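First up is the structure itself, then whatever we jot down about it.
Proteins get letters first, then strands, A, B, ... in listed order; numbering begins at 1 in each. Here the structure is a predicted model, which is why all the values come from computation and not from measurement.
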Amino acid sequence: MEKEKPKNFIYEIIDEDIRTNKWGGRVHTRFPPEPNGYLHIGHAKSICLNYGIARDYNGKFNLRFDDTNPEKEETEYVESIIEDVKWLGADFEDRIFYASDYFEQMYKYAVELIKKGKAYVCDLSAEEIRKTRGTLTEPGIESPYRNRTVEENLDLFERMRKGEFPTGSKTLRAKIDMASPNLNLRDPVMYRILHAEHHRQGNKWCIYPTYDWAHGLEDSIEGITHSICTLEFENHRPLYDWFLDELGIYHPQQIEFARLNLSYTVMSKRRLLQLVKDGYVDGWDDPRMPTISGLRRHGFTPESLWNFAELVGVAKRDAMTDIALLEFAIRDDLNKRARRVMAVLDPIKVVITNYEGEEELEAINNPEDSSAGTRKIKFTKELFIERADFMEEPPKGFKRLIPGGEVRLRYAYIIKCDEVVKDGNGNIVELRCSYDPDTKSGSGKSNKKVKGTIHWVSAKYAFNAEVRLYDRLFTVEDPASKENWLDYINPQSLNIIENAYIEPSLKDSKPGDIFQFERQGYFCVDSKYSTPQKLVFNRTVTLKDGWAKKKGE
RNA sequence: UGCCCCGUGGUGUAAUGGGAACACGCUUGACUCUGGAUCAAGAAUUCAAGGUUCGAAUCCUUGCGGGGCAGCCA
């Protein structure tokens, strides 16, 4: 029952809470996104944390939309978020909630606070509130409306709700302490007037609660035990506690952890939105995006993301996780499940001069999984091999085909390069080779050894497909730290190969199918552009390449 | 500069007053019909100074460094 994995500080807090019976043994977490953008891998970390806790402690997990700002929120985002959370496998059962459904209750709570003399209607403009808030080192100035009577506040607040005042003309503020060293406690705004249509409430409301006021109430109403959020809300916790304590209602515990930062990408919704809106990428689900939908289209699996979240861990210090860890997580997963196939991306024709006819050879589908079985591949006189697998003047250590040299064709024969055919410009157009009939794969007739094995496809049977090679979106580790971050977009982040040659067994592949193109990487059939007539493959991640590394020295 | 949080190999995390460990990455080797996978080995770590203690990554003090906060965003 006990997990062997090391526990992060949040698990330790929960263990302690269970030991002291703080919540009657209950554990109830939630994931509270604002529907103003698509979810990204940082959210995935949070989802895995929150759902993982509920799962590990036999607790519950809610999905709740924190939709308190009608100006930024859209139904499209709600739908994408639900899809992404489900895809990740975080099971919220029937508990999908909306903060906007609690507006009436929140209003009542606000009236209570007014009656207690703990909240007041303020006529200061946004500009005036800012000016009277003070600074980091100086206290603020109390609003001239701070001491209105309870009756007047009640009347004004009701009329705010009725729509008697224009947008921005009044606010409801908590009466706390204008001199607090924590600026969040300097009479924070609880309600603002916004004559805007809400994606779910329509025009029912023209006053909307702010995050600080609403969030604790949402957690309280749902009976959340551990309200887990990111570090930037640490300074808000005293306010979270203040509202709940003044109201004397059920009071969950807020716990903060460090958000995920990934190297060579950006994570803020603002920047992600800009990449989409300004057309730097092909939508929120562009495979180069760190969004969950982008990762899905890119070929990442939920399992790999869960494993990644586990590897990253949970702590309170700001950190930059190396994207190599994500790549490890997906390789590790796909290595076990991806069917191995052969595809030639940048072809060079090979003619086997002493071979006639054709035959079927047996190939293993996945050496890591014998249950994946084998398949037959057709060998013919004319083939394509990868252009990079032949070199006229090879550097030291090159293990592939060279003039006069031998190499094994995967699952087939050992061939020897007899002649290099070039066009008028000196470009290699064809390799004329001879094969050794005694070296057929698995025949055991020859124990000849060669240094290398290369992949190939039959020129007669291979079909054409588009292959999209992706690389990291940015050229620098931390683009968000640059003022002109858009200048660091990697111009090589997408390389489209229009006519790659793919082995025939992939002809009927469906969107989402995953494969390993031997010696090259993991690929999946694109869910957006692929058609039965013209398949499109996305490269999820390359295979580790020791040779490329050696060459790079 | 006020308040809050945080400093452990290159990166991310663990060690909760008692031999600084795990993972990724990196290096080297073995094996290999994928220069993959696998296996083996290796380099590399407690921000600093004082203090408490038989003993400090851990507790205390100070300093230094990083992050957050002055939206009617979340």
Side-chain angles (χ1 to χ4, degrees), chain A residues 5-9 12 32-34 36 66 68-69 71-72 122 124-127 129-131 133-140 167-173 180-186 188-194 207-208 210-212 214-215 229-238 256 258 260 263 269-270 310-329 331-332 335-336 340 342 364 367-368 397-400 407-412 414 439 441-442 449-455 516-521 542-550:
Chain A
K5 65 183 179 186
K7 292 186 169 177
N8 62 54
F9 76 99
E12 287 177 1
E34 182 190 13
N36 67 343
D66 201 3
T68 57
N69 184 352
E71 295 179 319
K72 293 186 174 178
C122 182
L124 256 28
S125 68
E127 171 81 348
I129 286 182
R130 188 177 60 75
K131 279 184 176 158
R133 186 156 21 229
T135 68
L136 295 177
T137 51
E138 301 162 278
T167 291
S169 60
K170 282 179 169 44
T171 57
L172 181 73
R173 291 227 258 167
S180 172
N182 182 341
L183 308 220
N184 295 125
L185 264 21
R186 319 243 262 226
V189 170
M190 296 163 61
Y191 276 96
R192 70 278 211 184
I193 299 173
L194 239 36
I207 56 171
Y208 291 92
T210 57
Y211 170 86
D212 285 316
H215 206 84
C229 61
T230 44
L231 251 30
E232 68 271 27
F233 294 106
E234 209 155 22
N235 290 331
H236 295 244
R237 191 177 351 119
E256 310 85 15
L260 173 73
S263 60
K269 281 189 190 172
R270 191 200 104 220
E310 193 68 44
L311 291 167
V312 166
V314 177
K316 291 198 71 164
R317 69 185 101 129
D318 296 301
M320 173 71 77
T321 296
D322 192 337
I323 198 159
L325 193 64
L326 214 210
E327 293 173 350
F328 164 77
R331 284 193 189 105
D332 193 45
N335 176 47
K336 289 174 237 153
R340 302 305 110 137
M342 295 200 282
I364 294 165
E368 307 295 321
F398 188 75
K399 291 170 36 176
R400 285 107 97 158
V407 75
R408 172 170 290 282
L409 292 176
R410 179 79 155 152
Y411 297 124
I414 290 175
T439 58
S441 184
K449 295 283 180 200
V450 285
K451 277 189 291 184
T453 299
I454 64 174
H455 61 277
Q516 182 197 101
F517 289 179
E518 291 214 27
R519 303 208 305 131
Q520 308 197 87
T542 61
L543 251 28
K544 278 176 75 176
D545 188 348
W547 173 240
K549 199 175 292 169
K550 197 170 283 184

Applying a 4.0 Å non-hydrogen cut-off, can you work out what [X] is touching in the nucleic acid: base, sugar-phosphate, or nothing?
X        : value
A:Glu518 : base
A:Arg173 : nothing
A:Gly140 : nothing
A:Phe233 : base
A:His455 : nothing
A:Met320 : sugar-phosphate
A:Leu231 : nothing
A:Phe328 : sugar-phosphate
A:Ala126 : base
A:Phe517 : nothing
A:Ile364 : nothing
A:Gly521 : nothing
A:Gly168 : base

If the [atom1] atom of [N] is compared with that of [M], how far apart are they to the nearest Å?
N     : M     : atom1 : result
B:A15 : B:C6  : P     : 15 Å
B:U38 : B:C54 : P     : 50 Å
B:A74 : B:G7  : P     : 30 Å
B:C64 : B:G10 : P     : 24 Å

Please determine if a side-chain N or O atom of [X] lies less than 4.0 Å away from the OP1 or OP2 oxygen of [N].
X        : N     : value
A:Thr68  : B:A74 : yes
A:Arg317 : B:U8  : yes
A:Lys549 : B:C26 : yes
A:Arg192 : B:C73 : yes
A:Arg133 : B:C72 : yes

Any side-chain heavy atom of [X] within less than 4.5 Å of one from [Y]?
X        : Y        : result
A:Leu185 : A:Pro238 : yes
A:Leu543 : A:Gln516 : yes
A:Asn69  : A:Tyr211 : no
A:Arg331 : A:Thr542 : yes
A:Glu71  : A:Tyr208 : no
A:Leu124 : A:Ile129 : yes
A:Arg340 : A:Glu368 : yes

The answer to which of A:Glu12 and A:Gly134 contacts RNA chain B further toward the 5' end, by nearest nucleotide, is A:Glu12

A:Pro32 vs A:Asp318, nearer the 5' end of RNA chain B by closest nucleotide: A:Asp318

Looking at the angle O4'-C1'-N9-C4 for a purine or O4'-C1'-N1-C2 for a pyrimidine, is B:G71 syn or anti, with syn meaning within 90° of 0? syn

Taking the side chain of [X] as heavy atoms from C-beta outward, which of [options] is closest to it?
X        : options             : value
A:Ala319 : B:G12, B:A23, B:G35 : B:G12
A:Glu234 : B:G36, B:G2, B:C5   : B:C5
A:Arg519 : B:U34, B:G2, B:C24  : B:U34
A:Arg410 : B:U34, B:G12, B:G2  : B:U34
A:Thr137 : B:G12, B:G2, B:U34  : B:G2
A:Thr453 : B:U34, B:U32, B:C73 : B:U34
A:Thr135 : B:C24, B:G36, B:A70 : B:A70

Taking Watson-Crick and G-U wobble pairs with both distances under 3.5 Å, convert RNA chain B into its dot-bracket string, 5' to 3', dots for unpaired and | for cross-strand pairs. .((((((..((((....[..)))).(((((.......)))))....(((((..]....))))))))))).....

Tell me: [atom1] of [X] to [atom2] of [N], nearest whole Å?
X        : N     : atom1 : atom2 : answer
A:Glu232 : B:A70 : CD    : C1'   : 16 Å
A:Lys7   : B:C22 : NZ    : P     : 21 Å
A:Ile129 : B:A70 : CD1   : P     : 14 Å
A:Met190 : B:G71 : CE    : C1'   : 17 Å
A:Lys544 : B:C39 : NZ    : P     : 12 Å
A:Glu138 : B:C69 : CD    : C1'   : 16 Å
A:Glu71  : B:G71 : CD    : P     : 17 Å
A:Arg331 : B:A23 : CZ    : C1'   : 15 Å

Given the structure, check if the side chain of [X] and the base of [N] hold any donor-acceptor pair shorter than 3.5 Å.
X        : N     : result
A:Asn235 : B:G68 : yes
A:Gln520 : B:U34 : no
A:Glu368 : B:G36 : yes

What side-chain donor-acceptor pairs closer than 3.5 Å can you find for residues 312-322 of chain A, not counting sequence neighbours?
{"from": "A:Lys316", "atom 1": "NZ", "to": "A:Glu234", "atom 2": "OE2", "distance (Å)": "2.5"}
{"from": "A:Asp322", "atom 1": "OD1", "to": "A:Ala324", "atom 2": "N", "distance (Å)": "2.9"}

A:Glu127 and A:Ser125: side chain donor to acceptor below 3.5 Å: no

Face-to-face contact A:Tyr211 to B:A74 six-ring, under 5.5 Å, under 30°: no

Residue that, paired with A:Ile454, satisfies side-chain contact (heavy atoms from CB on, under 4.5 Å) out of A:Lys399, A:Arg408, A:Arg519, A:Arg410: A:Arg519

Whether A:Glu34 and A:Lys72 form a salt bridge (side-chain N of Lys/Arg under 4.0 Å from carboxylate O of Asp/Glu) is what I want to check. no

